[in-house]
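Below: one structure, written as structure tokens.
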Amino acid sequence: MQIYEELKARGLVAQVTSEEEVADLLNNGKATFYIGYDCTADSLTAGHFVTLTLMKRLQMAGNKPIALIGGGTTTIGDPSGRTDMRKMLTLEDINHNAECFKRQMSRFIDFGEGPGQAMMLNNADWLLNLNYVDLLREVGACFSVNNMLRAECYKQRMEKGLSFLEFNYMIMQSYDFYHMFQAVGCNMQCGGNDQWSNMLGGTELIRRKLGKDSHCMTINLLTDSQGNKMGKTAGNAVWLDPNRTSPFDFYQYWRNVGDADVMKCIRWLTFLPLEEIDAMDKWEGSQLNRAKEILAYELTKLVHGGAEAEKAQETARGLFTGGGSTEHMPSTELPAARFENGQIGAIALLTACGLCPSNAEARRLIQQGGLTVNGRKVTDIAAAFDQADFQGEGVVIKKGKKVFHRAYIR
RNA sequence: GGGGGAGUUCCAGAGCGGUCAAAUGGGGCAGACUGUAAAUCUGUUGCUUCGGCUUCGGUGGUUCGAAUCCACCCUCCCCCA
């Protein structure tokens with residue numbers, strides 16, 4: 001099976017400009033494609049992960065990837081599918097974030113000078129020096145405001161308001177494609193399906209200015225069976241940076257996906273062969289727990305490496321099925337100052353470990369029976385623990401049913 | 001430029017001088033049930049040294065007392081140009 005057919009079989013492909021031509025490019029290693037990443041935070045998220053795996057798959061099939069860091073476009077902010085305007089970032093923040101992205105991507109993607117190796121570019125290099133009038137004359141004439149306003153991605157903003165700044169995002173993105181088409185022979189753009197209209201802007205611009213064809217392919221957005229975006233917990237992203245989302249928490253996120261979503265995730269995100277996945281398709285009921293383990297393990301391995309994946313799996317098994325080690329669960333070293341007369345109160349312990357943001361919430365948690373320390377349920381908000389207990393391995397705090405944390409002192 | 005409307009706690013959205021830390025729904029968290037799933041049910045959901053303290057776009061003002069009234073400002077929406 002060739003790569004394009006495999007992508008389809010995995011259910012990834014959403015839209016393509018021309019199925020025939022895109023398949024030809026990709027299957028024969030003729031594509032030099034780019035995927036853009038706006039650096040609005042200092043870490044990539046699980047949301048970006050889907051496109052990163054796409055990049056890797058296409059690279060493995062012999063195509064040349066360009067990871068485009070949006071150092072320039074981030075200064076504008078993509079309004080696609082958003083109901084509010086993004087916070088404006090300073091140039092320093094953006095540069096810092098771009099550096100972080102670069103480091104993370106290098107874990108998956110093979111960058112270098114060779115023919116199949118990936119390039120990394122930053123659109124700040126060409127966007128930031130554009131001259132307004134020149135730009136208007138060069139590309140402004142190629143865009144129809146009428147069409148732009150009709151674009152699906154602005155739909156929500158037509159009610160809530162769309163600033164001119166953000167409206168220009170599409171033009172900047174189109175310019176990127178146009179620029180790279182000429183500068184580095186980039187003939188294809190890939191991205192999430194929410195980017196479709198922005199992406200078409202680029203092919204249109206290239207056709208108008210240069211009379212040449214270029215292509216786009218979007219992949220489906222990763223949503224659960226309810227239609228909610230995946231890769232978020234309580235509105236917070238699941239990060240790829242181990243300091244933001246520990247490998248254990250990352251593992252747990254995927255270990256906990258719903259029954260209805262496991263196989264889809266495995267198909268989309270892992271690199272397991274399709275035959276193997278098809279065989280798992282028959283699993284049902286509690287058997288799916290095995291599939292969830294596979295999913296969590298495979299993804300953790302991709303993002304954090306095999307050693308971390310082993311640790312996370314071992315820790316999770318230990319915690320949920322008894323025994324096992326507590327060594328690799330997220331932990332906090334308590335400073336001696338948190339202890340008073342050699343003790344720390346239950347509420348202070350929860351806030352010190354970042355398990356509860358306020359004393360009130362910690363108190364509530366305890367009163368509602370959601371705290372277990374070293375296997376013993378704590379229901380007294382005045383409970384206190386001896387400093388000596390935190391020596392060595394420390395104590396294991398369990399918040400609710402699934403959040404484990406270790407607190408220790410040196 | 002002219003006219004009309006709106007900004008409320010994580011989100012949506014009530015409240016329109018005291019009984020408002022603010023209805024209701026969603027989301028979150030916790031409990032029960034379970035398979036570390038889903039669905040369902042229950043509780044909870046500003047902070048606090050539990051005396052209080054700070055919230056209803058911003059700044060001032062009226063009042064014993066304001067999310068609620070007034071002035072100005074900011075932001076957004078709609079209609080006309």
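Worth knowing before you read on, the calculation uses all heavy atoms, side chains too, and leaves out hydrogens, waters and symmetry mates. Chain A is the first sequence line, chain B the second, and so forth, proteins listed ahead of strands; every chain is numbered from 1.
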Tabulate protein N/O versus nucleotide N/O from nucleotides 38-41 of chain B, keeping only pairs under 3.5 Å, one per line.
none

[X] [atom1] - [N] [atom2] separation (whole Å):
| X | N | atom1 | atom2 | value |
| --- | --- | --- | --- | --- |
| A/Lys398 | B/rG31 | NZ | P | 8 Å |
| A/Leu319 | B/rU36 | CG | C1' | 10 Å |
| A/Leu295 | B/rA37 | CG | P | 15 Å |
| A/Lys292 | B/rG35 | NZ | C1' | 7 Å |
| A/Ile347 | B/rC47 | CD1 | P | 12 Å |
| A/Leu350 | B/rC29 | CG | C1' | 13 Å |
| A/Lys229 | B/rG27 | NZ | C1' | 17 Å |
| A/Asn228 | B/rG28 | CG | C1' | 13 Å |

Just checking [X]: base, sugar-phosphate only, or nothing, at a heavy-atom cut-off of under 4.0 Å?
| X | value |
| --- | --- |
| A/Lys401 | base |
| A/Val257 | sugar-phosphate |
| A/Arg255 | base |

In whole angstrom, give me the gap between the [atom1] atoms of [N] and [M].
| N | M | atom1 | value |
| --- | --- | --- | --- |
| B/rA66 | B/rU55 | P | 12 Å |
| B/rG2 | B/rG13 | C1' | 32 Å |
| B/rG26 | B/rU34 | C1' | 25 Å |
| B/rG27 | B/rC11 | P | 16 Å |
| B/rA21 | B/rC70 | P | 23 Å |
| B/rC50 | B/rG58 | C1' | 32 Å |
| B/rC56 | B/rA14 | C1' | 12 Å |
| B/rC20 | B/rG65 | C1' | 13 Å |

Kindly indicate whether the side chain of A/Gln368 and the base of B/rG31 share any N or O donor-acceptor pair separated by less than 3.5 Å? no

I want to know whether A/His48 and A/Phe101 have ring centres closer than 6.0 Å. yes

Tell me the partner of [N], counting only Watson-Crick (N1-N3 plus N6-O4 or O6-N4) or G-U wobble (N1-O2 and O6-N3) with both under 3.5 Å; none if nothing fits.
| N | answer |
| --- | --- |
| B/rC56 | none |
| B/rC29 | B/rG43 |
| B/rG18 | B/rC64 |
| B/rA6 | B/rU75 |

With no hydrogens and no angle check, do the side chains of [X] and [Y] hold a donor and an acceptor under 3.5 Å apart?
| X | Y | answer |
| --- | --- | --- |
| A/Tyr408 | A/Glu393 | no |
| A/Glu361 | A/Ser358 | no |
| A/Glu204 | A/Asn147 | no |
| A/Ser214 | A/Tyr178 | no |
| A/Tyr34 | A/Asn187 | no |

Using a 6.0 Å cut-off, check whether atom [atom1] of [X] has over 12 heavy atoms from anything other than its own residue.
| X | atom1 | result |
| --- | --- | --- |
| A/Lys292 | NZ | yes |
| A/Glu333 | CD | yes |
| A/Lys102 | NZ | no |
| A/Asn341 | CG | no |

Under 4.0 Å protein heavy-atom contact, by nucleotide of nucleotides 48-57 of chain B - B base, S sugar-phosphate only: SSB-------

Is there a donor-acceptor pair under 3.5 Å between the side chain of A/Ser43 and the backbone N or O of A/Asp241? yes

Would you call B/rG51 syn or anti, using the 90° rule around 0? syn

If you find the nucleotide of RNA chain B closest to A/Leu288 and the one closest to A/Gly370, which residue's nucleotide is nearer the 5' end? A/Gly370

Of A/Ser286 and A/Gly400, the one whose closest RNA chain B nucleotide lies more 5': A/Gly400

